[in-house]
Amino acid sequence: MTRKIRQSPAPILPELAQGRLLTVEQAAERLNTSARFPRRLIAERRIAFVHVGRNVRIPEAALEAFIAAGLVEPITPATLRKGRAA
């Protein structure tokens, strides 16, 4: 008698949770900060993170999105004419 193993369908992960998962230390190195800063981002829920057992991992895509959200464009003569200086 053989048993059939039922496989549950793979969960569909959000786009930010896919890809490479970074440790807090790796994320801190990428941001050029101490490990305390990414931990604070996680505690304040300002960045997406994944629990892997008791460990916390930051998806690389979420870190890229966080960096992109903080990007400030330089002032150009065109932006000065439109009256949109910082």
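- Between atom CD1 of residue Ile58 and atom CD1 of residue Ile47 there is a gap of 5.0 Å, rounded to the nearest 0.5 Å.
- Taking both residues in full, the closest heavy atoms of Pro59 and Val50 are given as CG-CG2, 3.9 Å, listed atom of the first, atom of the second, then distance.
- Ala27 and Leu22 make their closest contact through N-CB, 4.4 Å (heavy atoms, listed as atom of the first residue, atom of the second, distance).
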Subject >> Residues Val56, His51; criterion side-chain contact (heavy atoms from CB on, under 4.5 Å); working and verdict >> reply: CA-CA 5 Å; Val56 175; His51 275 282; 3.8 Å; yes
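- Surrounding CG of Asn55 are more than 12 heavy atoms belonging to other residues, nucleotides or ligands, all under 6.0 Å away.
- Rounded to the nearest 0.5 angstrom, Phe66 CZ and Leu41 CG are separated by 4.5 Å.
- When the shell of 6.0 Å around CD of Glu64 is examined, it contains more than 12 heavy atoms from other residues, nucleotides or ligands.
- Taking CD of Glu29 as the start and OG of Ser34 as the end, the distance is 13.0 Å to the nearest 0.5 Å.
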**OP:** Show your working on side-chain contact (heavy atoms from CB on, under 4.5 Å) between Arg57 and Thr23 and close with a plain yes or no.
**Re:** CA-CA 5 Å; Arg57 297 292 185 260; Thr23 64; 3.7 Å; yes
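- To the nearest 0.5 Å, the span separating CZ on Arg39 from OG1 on Thr33 amounts to 11.0 Å.
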